[in-house]
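Structure, as structure tokens:
Counting convention: from 1, in listed order, for ligands and their atoms alike.
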Amino acid sequence: MNPEGSVGTLVLLRHGQSDWNEKNLFTGWVDVALSARGEGEARRGGELLADAGLLPDVLHTSLLRRAINTANIALDVCDRHWIPVRRDWRLNERHYGALQGKDKKQTMEEYGEEQFQIWRRSYDTPPPPIDPDDPYAQTGDPRYADLGDTMPRTECLADVLARLLPYWQAAVVPDLRAGHTVLVAAHGNSLRAVVKHLDGVDDATIAGLNIPTGIPLRYDLETAADGDLRPTNPGGTYLDPDAAKDAIAAVANQGR
Ligand SMILES: O=C(O)[C@@H](CO)OP(=O)(O)O
């Protein structure tokens with residue numbers, strides 16, 4: 001049922017730790033696997049959903065296996081492996097340009113902390129574009145064939161928000177308006193873009209906002225006077241707030 005004015009519940013889930021998170025490498029669109037710890041985080045994410053009685057009935061993911069497999073593991077644990085799913089490149093991680101495959105600590109040492117943080121967290125300055133012949137470019141990857149020349153070669157967070165919003169409005173919002181419990185399994189920076197949009201976070205403040213791996217973030221929503229969806233719990237609610245606090249600090253300190 002979807003009583004008038006009420007909308008469904010949104011659950012954001014960043015994928016569990018990946019092999020490249022573990023190695024401290026910039027990842028972006030490189031399709032790396034979950035680490036053993038990341039698989040454990042995904043299972044724990046599923047347990048948290050089950051314990052909270054927050055059972056998704058539709059799933060949206062990126063086209064990257066760390067998000068796809070995190071969702072599969074978490075949904076298997078809470079017995080929701082059967083729900084319908086849509087996947088779209090617009091939920092992908094931010095394309096990290098020429099930094100893809102580079103070590104974060106070495107990059108910080110080479111370019112200095114200020115430049116490193118501008119590339120990582122500034123709203124509107126992208127890293128240098130990746131060379132199409134770089135081993136970590138997505139040139140020729142069939143999953144992006146439809147993008148042709150429009151496939152990103154680097155992105156800042158503003159670019160991510162611009163390419164994410166059309167999918168958000170066309171695919172995710174209708175599921176929420178239909179009253180569903182919607183799981184969005186995606187990435188640190190694509191979920192930062194979602195949070196920026198939902199909470200109306202300004203361009204400077206979003207630089208300091210980090211999303212931990214594998215901990216579901218619940219948003220309860222209502223329809224605002226202007227017709228947009230608005231959280232009734234601004235900032236959302238982590239299902240394990242203590243674990244989220246530690247994990248957020250760890251993400252913020254990467255490279256150090
Ligand atoms: O490397 C990446 O793609 C992202 C997420 O892991 O890293 P960062 O948190 O530095 O933006």
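- Atoms CG and CG, on N92 and L64 in that order, are 4.0 Å from each other to the nearest 0.5 Å.
- Of all the atoms in ligand 1, the ones that sit under 4.0 Å from a non-hydrogen atom of E93 are 3 (O), 4 (C), 5 (C).
- At a 4.0 Å heavy-atom cut-off, ligand 1 does not touch W20 at all.
- Residue K102 does not touch ligand 1, judged by heavy-atom distances below 4.0 Å.
- Which parts of ligand 1 touch N189 is read off a 4.0 Å heavy-atom cut-off, strictly below it: atoms 4 (C), 11 (O).
- Interface atoms of ligand 1 facing R14, defined by a heavy-atom separation under 4.0 Å, are 5 (C), 6 (O).
- Ligand 1 is approached by K104 to a heavy-atom distance shorter than 4.0 Å.
- Nearest to atom 11 (O) of ligand 1 among the protein's heavy atoms is Y96 OH, 2.7 Å.
- Linking ILVMFWY residues whenever their side-chain heavy atoms come closer than 4.5 Å, directly or via other members, places I206 and I248 in the same cluster.
- Separating the CE atom in M151 from the NE2 atom in H95 is a distance of 6.0 Å, to the nearest 0.5 Å.
- Using 4.0 Å as the threshold, G28 has a heavy atom nearer than that to some atom of ligand 1.
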- [ ] Let me see the working for D175 and H60 under side chain to side chain donor-acceptor pair (under 3.5 Å), right down to the final yes or no.
- [x] CA-CA 10 Å; D175 280 346; H60 295 262; 2.8 Å; yes
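- Hydrophobic clustering (ILVMFWY, side-chain heavy atoms < 4.5 Å, transitive): W82 and I68 are in distinct clusters.
- Classified by interplanar angle (parallel below 30°, tilted 30° to 60°, perpendicular above 60°), the ring pair W20/Y136 is perpendicular.
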Could you go through residues 111-119 and list every donor-acceptor pair under 3.5 Å that involves a side-chain atom there, pairing it with any protein atom two or more places apart or in another chain?
from : atom 1 : to   : atom 2 : distance (Å)
E113 : OE2    : R256 : NE     : 3.2
E113 : OE2    : R256 : NH2    : 2.4

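- By the ring pair (Phe, Tyr, Trp, His ring centres under 6.0 Å) test, Y96 pairs with F26, sequence neighbours left out.
- Residue-ligand proximity: L25 is placed with a non-hydrogen atom under 4.0 Å from ligand 1.
- What sits closest to atom 1 (O) of ligand 1 on the protein, heavy atoms only, is T27 N, 2.8 Å.
- The ligand atoms of ligand 1 that sit less than 4.0 angstrom from a heavy atom of F26 are 1 (O).
- In terms of protein heavy atoms, atom 10 (O) of ligand 1 is closest to R120 NE, 2.6 Å.
- Between N92, T213, N21, it is N21 that holds the heavy atom closest to atom 6 (O) of ligand 1.
- Once rounded to the nearest 0.5 Å, the distance linking CG of N21 with CD of E41 reads 8.5 Å.
- When hydrogens are left out, the protein atom nearest atom 9 (O) of ligand 1 is R121 NH2, 2.8 Å; that is the closest non-hydrogen contact.
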